[in-house]
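This report concerns only the one structure given below.
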Amino acid sequence: QVQLVESGGGLVQAGDSLRLSCAASGRTFFSSTAMGWFRQAPGKEREFVAGIDWRGGSTYYADSVKGRFTISRDNAKNTVYLQMNSLKPEDTAVYYCAQANELTLGPQAWGTPSNVRSWGQGTQVTVSS
């Protein structure tokens, strides 16, 4: 059983930065799977934010966060990160990390439920204007 625990969310002002972390524990196979970040704003569907392959060699981003967010991972710590810079009010959402069943997964493939092995419980990010 895999447990994913996000942390690092909070209330910030527009233009500020936050760094989210997601730590995996249990029978994780962490270093053999792609990891991703998603977010869900009130009244909206959950959307893909960023993804990273098993080694950290390939990364993928939603157009809305390209150039502002950076996903990275530390396989020795079973942890994936999301560095969020130049935050905007429209970035306000609950952010979730997810573990894939594959070594690498493109943005569209993350939308297939069978490709996702586990989800975290989420961390709230609120950006005030």
Side-chain angles (χ1 to χ4, degrees):
Q1 192 78 346
V2 176
Q3 286 186 325
L4 302 177
V5 179
E6 301 96 334
S7 61
L11 172 63
V12 297
Q13 293 186 330
D16 285 351
S17 297
L18 276 177
R19 188 195 197 201
L20 304 183
S21 299
C22 171
S25 62
R27 190 173 174 82
T28 68
F29 300 103
F30 183 84
S31 60
S32 301
T33 59
M35 297 293 296
W37 285 96
F38 290 72
R39 66 186 181 187
Q40 187 167 20
K44 295 187 177 182
E45 292 187 354
R46 186 162 55 189
E47 63 174 356
F48 173 83
V49 174
I52 188 167
D53 72 358
W54 62 290
R55 295 183 302 175
S58 295
T59 56
Y60 310 91
Y61 298 94
D63 288 342
S64 58
V65 306
K66 278 181 183 176
R68 299 188 299 122
F69 291 10
T70 303
I71 187 171
S72 61
R73 65 190 297 159
D74 185 340
N75 285 348
K77 296 181 178 179
N78 283 1
T79 302
V80 63
Y81 305 97
L82 186 67
Q83 177 67 44
M84 305 186 296
N85 298 330
S86 303
L87 282 162
K88 304 175 181 180
E90 50 264 44
D91 294 319
T92 295
V94 177
Y95 283 71
Y96 300 89
C97 73
Q99 183 182 28
N101 282 317
E102 307 290 340
L103 290 171
T104 185
L105 214 56
Q108 290 187 334
W110 277 102
T112 301
S114 61
N115 286 337
V116 180
R117 183 175 185 227
S118 186
W119 291 94
Q121 85 291 347
T123 185
Q124 176 70 46
V125 173
T126 303
V127 184
S128 63
S129 57

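Start at 1 with the first residue, then count along the sequence.
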task: Look up atom CZ in Phe48 and atom OG in Ser64, then write down how far apart they are to the nearest 0.5 Å.
output: 10.0 Å

task: Considering only Ile, Leu, Val, Met, Phe, Trp and Tyr, and joining two whenever side-chain heavy atoms are under 4.5 Å apart, list the other residues clustered with Leu18.
output: Val2, Leu4, Val12, Leu20, Phe30, Met35, Trp37, Val49, Ile52, Tyr61, Val65, Phe69, Ile71, Val80, Leu82, Met84, Leu87, Tyr95, Val125, Val127

message: Within this structure, what is the OH-OG1 distance for the pair Tyr81 and Thr70, rounded to the nearest 0.5 Å?
response: 14.0 Å

field: Donor-acceptor contact present, side-chain Thr28 to main-chain Ser25, <3.5 Å
entry: no

query: Partners of Ser31 by side chain to side chain donor-acceptor pair (under 3.5 Å), sequence neighbours excluded?
result: none

message: Arg68: which residues meet the salt bridge (Lys or Arg N to Asp or Glu O under 4.0 Å) condition with it, sequence neighbours left out?
response: Asp91

message: Taking disulfide bond (SG atoms under 2.5 Å apart) as the cut-off, I'd like each qualifying pair that reaches into residues 28-72, sequence neighbours left out, listed once.
response: none

- request: For residues 11-38, pull every pair meeting salt bridge (Lys or Arg N to Asp or Glu O under 4.0 Å), keeping only residues two or more places apart or in separate chains.
  value: none

query: Is there any disulfide bond (SG atoms under 2.5 Å apart) pair reaching into residues 63-95, and which pairs are they, with sequence neighbours excluded?
result: none

message: Looking at every heavy atom in both Gln99 and Thr33, which two are closest together, and how far apart are they?
response: NE2-OG1, 2.9 Å

- prompt: With distance as the sole test, does Gln40 use its side chain to make a donor-acceptor pair with the main-chain N or O of Ala93 at under 3.5 Å?
  reply: no

message: Can you list everything that forms a side chain to side chain donor-acceptor pair (under 3.5 Å) with Ser72? Sequence neighbours excluded, please.
response: none

field: side chain to side chain donor-acceptor pair (under 3.5 Å) involving Lys66 - partner list, sequence neighbours excluded
entry: Asp63

Below 3.5 Å, can you tabulate the donor-acceptor pairs from side chains in residues 102-115 to any protein atom, sequence neighbours excluded?
unit_1	atom_1	unit_2	atom_2	d
Trp110	NE1	Leu105	O	3.3
Asn115	ND2	Ala109	O	2.9

query: How would you list all residue pairs meeting disulfide bond (SG atoms under 2.5 Å apart) that involve residues 29-74, not counting sequence neighbours?
result: none

message: If I compare all heavy atoms of Gly56 with all of Arg73, which pair ends up nearest, and what's the gap?
response: N-CD, 3.9 Å

- request: Kindly give the heavy-atom pair with the smallest separation between Gln124 and Val94, and that separation in Å.
  value: OE1-CG2, 3.2 Å

task: Hey, could you give me each pair passing disulfide bond (SG atoms under 2.5 Å apart) that has a residue in residues 87-129? Not counting sequence neighbours.
output: Cys22-Cys97

- prompt: In Å, rounded to the nearest 0.5 Å, how long is the span from OG of Ser129 to NZ of Lys88?
  reply: 14.0 Å

query: Does any N or O in the side chain of Asn75 come within less than 3.5 Å of the main-chain N or O of Asn78, such that one atom is a donor and the other an acceptor?
result: no

message: Surrounding CD of Gln3 (heavy atoms of other residues, nucleotides or ligands, distance under 6.0 Å), is the total greater than 12?
response: no

message: Going by the rule side chain to side chain donor-acceptor pair (under 3.5 Å), which residues pair with Glu47 if we only count those two or more places apart in sequence or in a different chain?
response: Arg39

